[in-house]
Every structure is written in C-alpha cells, then in structure tokens.
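Shown next, in structure tokens, is the structure this report addresses.
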Amino acid sequence: MALEVKLDAFEGPLDLLLHLIEKNKVDIYDIPIAEITRQYMEYIKAMETEDMNVMSEFLVMAATLLDIKCKMLLPAEVNEEGEEEDPRAELVEKLIEYKMCKYMSMELKDMRFDADKHMYKNPTIPKEVLEYKAPVNYDELLSDANLEALSRIFEEVLKRAEDKIDPIRSKFGEIKKENVDLEKKQEVVFGYLRSHKHCSFRNLLSEQRSKMDTIVTFLILLELIKISAVVVKQESENDDIDIECVNIDDNLGMLLES
Amino acid sequence: MDKKEAYGTIEAILFAVGNSVEIETIATALDVSKEEVLEYIDDMQTEYAKKNRGIQIVRLENSVQLRTKDDYYDALIKVTNVPKKQTLSDSAYEVLSIVAYKQPVTRMDVEKVRGVNSDHIINRLVELSLIEEKGRLNAPGKPIVFGTTEQFLRSFGVASLEELPEMSNDMIEEFKVEAEKEVEVNLKMDV
Amino acid sequence: MDKKEAYGTIEAILFAVGNSVEIETIATALDVSKEEVLEYIDDMQTEYAKKNRGIQIVRLENSVQLRTKDDYYDALIKVTNVPKKQTLSDSAYEVLSIVAYKQPVTRMDVEKVRGVNSDHIINRLVELSLIEEKGRLNAPGKPIVFGTTEQFLRSFGVASLEELPEMSNDMIEEFKVEAEKEVEVNLKMDV
C-alpha cells in the first residue's frame, strides 16, 4: 500500500471512519469496535510504518465511537425542550457536514480548472500619471490653524524645551566610555601570537574592528618588541610586517604584571 | 461626458491598473453615479463578447477587472509565460470549501468539520491569497476569523460568493440518509 | 483562422504580455505571415482610434504594444491618486511655529528646541511650500537655513511677518522666573 493513499484517502479520523464504514456497508449490519480496530491494525501493518498521525487519528475516532456507545447504554438525556436527545444526532450532523465539505471541494476543484484559462495583466500605469502630484489645497491643509494658534504652539514648544533641561544634571561633565579594553586586547593578541608563533601583522589586524583597535594592537606589538618577545621584519615601506615570536610565554607574564 | 467617451475611459482605467478597480472608484473618476457605471459596464461586456475582441470584463463583488477570454488560452500559452499553476491538495480544497461556505470561520471551526488540525493548510491558503484574516471573533481568546479573498473569486471564476455552487436539497437529503445509516451500523452494541 | 479571430487573439496576446511583443512572435502564435500580422494590426489601429476605446496599439521597431490613450490620463490620475485629506500633524505645526518665530533657522536649531530630529517634517513643509531654503549659514558645514514662504503668509492671511503675534508678556515673565530659579539652583550646586 502506497503512502500517498494514506495522505489523500485517510486524511482525518472522520475520513478514516467514512472509509472503513463504507467498506462494511454492503452486508455487515453490526460492526464491533473490536472489528474496526482489527482492520485498522491490518491497515497499519500493510503500511509497514507506524505513523503516529494515523494512529492518533484512529484513537480520536475510536474514542468518539465509544463515547456514543456509552451514551446509548445510559438512559436518554433530555434537552431543554424536554425532548430525548439522540446521541447519534451529533455524529450524523458532523458526517453530513463533512460529506458536504467533501462534495463542495470537488466542485471547487472543477471550477478552478476552467477559471485558470483566463489571464490577467500587470499594472502599466503611464509615467505621466505616476508622476502627477496633486496641488496642495491650503484651505484644507491649514483649516484649523491661525496665527494665534501658531504662536500658542510656539510658546508650548519653548516651555517644553525649558522643562526638558535638568538644572542639576545638565551641569555635569560628560563621561565617555573607554572603547578598547587594554587588558582584554592584550590577551587576545597574546593568544593569537601563541597559537601562530610566526604570523603577519596584517593577518593579526584582520581580527580587529575599529581604528582604535588597530592602534592599540600596534602599540601592544611595539611593547612586545621592546621586551624582546617578538622579532619583526619588514622588507620595504608599506609592506606587511613579519612577526616571529621569541620565548613569548616567559615574557608575556612579565608584561601582564607590569 | 458622452457614453462612448465613458467606455473609452473605463477601458483605459481598467487596462492601465490591471488589477481590479472598484465600481465606486470609477464612478468618482467619471463623475457619474455607480448605477451609470454598472450600465456602461453592461454595454461594454456585450461589446467585448464579440469575436474580434480578446479581452473581457469580469465582475468581482464590487469591483471589475479586465482579463483575456479563455478562447485564446491556447494561443497565449505559445507567447507568454503562463504563471505556474499552484496545485492544491485535496485537503486544501476541503479547507477552502469550508472557509468559502461557512465564512467567517475560525481555525477551530475548520478543525471541527474536518476532525484534524488544519492550521498548516490554513496558513498555506493565506500565503496563496485565497483566504485572508477578516478580523477577530468576540469570544474567549479573540480567535482570528478567515474568509475568502478576491483572488479566490478570480481563481474559481465567480463574480461573487453567491455564485458558488449550492447544494441541492436532494443532495443534502441523500447525505443525511447515508450518514444516519453509517452511524446506525456503528452503534450496534457488541463490544 | 478568420480575420476577426485574429484580431481577438492579437488583442489577448498584447494584453496578457503588457510589454511589447515582436511581430514575429505573434505571427508564429497565429501561424500566419508577418505581413498578415502587420495588416491585422493596421486594421486594429483604425478600430482602436475610435472614441469608445481607451487603449491604442503602438508600433516600436519590430514590436507592438498596447498602451493607454493619453486622452484618458486625467481620469486615470483620479483613480490612482486618491486625494487624501491633507492636514498638518501637531509636530508639523510645532516645526512651523519654530521656523516662523526664529527664522532663519537651521535643521539643528529646530532639533535643539524640539529635542528630536525634525528633518522629515522640515522636508515635508518645504514640499508643501510653507517653508523654504533661505541660503546657508556661514558656519562649519555651511548648514542650510529655512524661513517661511509667501504661501505661508497667504495661508495665514497676513501681509508680513511683523504681524505674527508677539509672545505674551505673561509668558515671557514666566520663562524669566523659571530661568532665574534654575540659575539659583545651579549656583548653589557650584559652591
């Protein structure tokens, strides 16, 4: 049994219910739930996969059927109008609705086939029309404005501007955040040098983001040269700087402490 | 404005805009009543029906739009790239028919009829502009309600929802009999 | 294919494509010669020239295209440019009042008073011809200065800027008292 069959024919529990019922319609008058279960298990086996969706759909269906069976065993419920409620009514109602929905969906499918033969057109609005700008209607635009209102608005704006100034805090100087954390930067550069031993300055810089980062990295390198932790070489002006690490580990500890 | 000029203007508008245009918008542009516009469009539809015309006016609720006649489909596919037809699964058609016939509906309403969660399909239909959100229900959780779109009307070739096929009474009666039988069969007690 | 059907097919093709279509493509689709297509198009152009048509066929080198007749541009503008009721927002009035009272002002001046960037509103007021550029300030960056326009005077029904109401004395007095109070507070802090 192909998987597609399951997708199309066994979409939902009601569908599954319908299908199984239709199969038994001809001569079997009473179908025990046990029998439906058995058939269902066969179906599952035939699919060779235990699809959780199909299984849970079946559980919903079986529970619905059991619920109705239980209601049938109990004394009939009486509704507000004093009529006995048929527990099957709800299921019948649902089945009718579902059957109608199935039928209508088939009708829609046919209609779509015919409608697809028409073609529509994308907008082609002439440039002259697109570029047209409506003249401003000043009477409408400024209908509720006059000079008095304008001067009142201006006073309000000024007043608000005054209110915004915090008389105390506005006198404080500005404190700027330091953008580059020197210690962290050192560790990053050291880490890079430790893992590379021999590297180019440009590669080292490729990990830096801002101008400040670049400058600090260069200063760290100068410091390293000073304490003889690295040896640098540059063939000619504007060339890349070749960095070679010399007993870097011993020296770095010193630098970090200082 | 004389009648002929009105026809010309309406054709110019519908052609340039390409999309559907509300009758009311046309009435405002022509400075005539909506009834007059409808009358003009009737005349034009008769004119367009002639063999030497390749286009026709289609009515979509309160709007109109130009489209090609289906007679020329075969010639057209030789020239233009036919927009790829979005195929819908059978379950998508089911959800669509529920929304079309029972709108406005919530996700829950659809699920109740089909018996399975249909959120995924609903989302897909919204994506295809066949259905759209139509507001929220004044009920617990304020669930979104869905309805069909103008694109739905276009795709299924109907001018309004009223033109959707109706179920005949015979059909409904038949379904009822079937459903009752099926339920009966299942309720014979012998677990 | 009879002539009328050919006209219809050509119209359908040109409509659906929207852009220009080569004569040759049409000939292939109709299975006729290019000369025949040209003949058909001649006939169609005559037909389209009538008053009751809103579109026309234009010839471009070896292609043809459907276009809106320019006679109907005015009607089309009414459809595409639905006039929105234009009103000024409260913030636009604020900016306008600042420009009116403190002109010439730069964008920066306005921003300082309002505490928020007001470039967008300034641009809109320039577009509406209520304010305009009045030159550049001799300061770093040579910022543009703005002032009110003649349209502004006309709209507010005044002959000149002198007629702008002065700030009420009460208001000025109030500002003074506030400012003095603040200075006092600041002086105390400094000690």
Side-chain angles (χ1 to χ4, degrees), chain A residues 7-9 11-15 17-18 21-22 24-25 28-34 36 53 57 60-61 64-66 68-69 72-73 87-88 91-109 111-112 114-126 129, chain B residues 15-19 55-56 58 65-74 76 80 82-83 85 88-98 100-102 112-116 118 154-158 164-165 167 171-172 174-176 178-191:
Chain A
L7 285 176
D8 274 329
E11 241 288 316
L14 276 175
D15 213 352
L17 173 66
L18 278 173
I21 287 168
E22 271 164 19
N24 293 321
K25 206 152 69 173
I28 310 168
Y29 187 64
D30 32 0
I31 301 148
I33 285 179
I36 293 182
N53 278 327
E57 280 167 15
V60 173
M61 180 201 70
T64 312
L65 285 175
L66 270 177
I68 294 162
K69 277 203 173 185
M72 292 294 279
L73 288 173
R88 290 167 297 183
L91 187 61
V92 171
E93 207 54 44
K94 277 182 100 173
L95 276 173
I96 294 174
E97 200 164 41
Y98 187 67
K99 277 170 179 287
M100 284 169 75
C101 149
K102 264 260 151 110
Y103 174 79
M104 287 306 182
S105 72
M106 288 307 167
E107 293 281 298
L108 282 184
K109 212 171 175 178
M111 289 165 65
R112 182 141 185 260
D114 292 334
D116 269 341
K117 289 196 166 174
H118 298 286
M119 289 195 195
Y120 295 83
K121 179 182 153 295
N122 289 326
T124 48
I125 295 170
V129 171
Chain B
F15 174 82
V17 174
N19 299 318
I55 50 179
Q56 59 185 189
V58 57
Q65 186 168 10
L66 278 182
R67 69 177 187 197
T68 58
K69 286 185 189 166
D70 54 1
D71 308 356
Y72 298 114
Y73 182 73
D74 293 335
L76 274 173
T80 69
V82 180
K85 192 174 157 182
L88 291 179
S89 65
D90 285 351
S91 8
Y93 276 111
E94 271 179 42
V95 173
L96 198 55
S97 72
I98 295 169
Y101 281 91
K102 306 188 72 160
K112 260 190 212 150
V113 177
R114 297 192 64 231
V116 275
S118 309
R154 255 194 302 274
S155 297
F156 291 94
V158 289
L164 283 179
M167 293 278 295
M171 205 74 177
I172 296 175
E174 198 180 303
F175 283 159
K176 204 171 171 184
E178 266 180 39
E180 271 165 3
K181 236 191 256 165
E182 283 162 15
V183 170
E184 194 76 29
V185 163
N186 274 283
L187 290 175
K188 291 292 146 186
M189 311 298 305
D190 43 21
V191 178

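In what follows, every chain begins at residue 1, and chains take the letters A, B, ... in the order their sequences are listed.
Proximity to chain A (any heavy atom under 4.5 Å) is shown, for F156(B), by both the backbone and the side chain. With a 4.5 angstrom heavy-atom cutoff, K176(B) touches chain A via backbone and side-chain atoms both. With a 4.5 angstrom heavy-atom cutoff, L88(B) touches chain A via backbone and side-chain atoms both. With a 4.5 angstrom heavy-atom cutoff, V95(B) does not touch chain A via any of its atoms. For chain A, the nearby parts of F15(B) are the backbone and the side chain; heavy atoms of each come within less than 4.5 Å.
Most heavy-atom pairs under 4.5 Å with chain B, from the set L108(A), V129(A), I96(A), N122(A): that is L108(A).
Closest approach of N19(B) and P123(A) over heavy atoms only: ND2-CG, 3.7 Å. For R112(A) against Y93(B), the heavy-atom pair with the smallest separation is NH1-OH, 3.4 Å.
Note that CE of M104(A) and CG of L96(B) are 12.5 Å apart. Values are rounded to the nearest 0.5 Å. From K102(A), atom NZ reaches atom CD1 of I98(B) across 10.5 Å, with rounding to the nearest 0.5 Å. Interatomic distance, K121(A) NZ to L66(B) CG, rounded to the nearest 0.5 Å: 8.5 Å. Separating the OH atom in Y120(A) from the CD1 atom in I55(B) is a distance of 12.5 Å, to the nearest 0.5 Å.
In this structure, H118(A) contributes its side chain and R67(B) its backbone to no donor-acceptor pair below 3.5 Å. Side chain of S105(A) to main chain of S97(B): no donor-acceptor pair is present (N/O by atom type, distance under 3.5 Å, no hydrogens or angles).
In this structure, Y73(B) and M119(A) have side chains that are in contact, with non-hydrogen atoms separated by less than 4.5 Å. E94(B) has its side chain within reach of Y98(A): a pair of non-hydrogen atoms, C-beta onward, lies under 4.5 Å apart.
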K109(A) vs D90(B), salt bridge (charged side-chain N to carboxylate O under 4.0 Å, His left out): CA-CA, chis, key distance, verdict: CA-CA 9 Å; K109(A) 212 171 175 178; D90(B) 285 351; 2.7 Å; yes
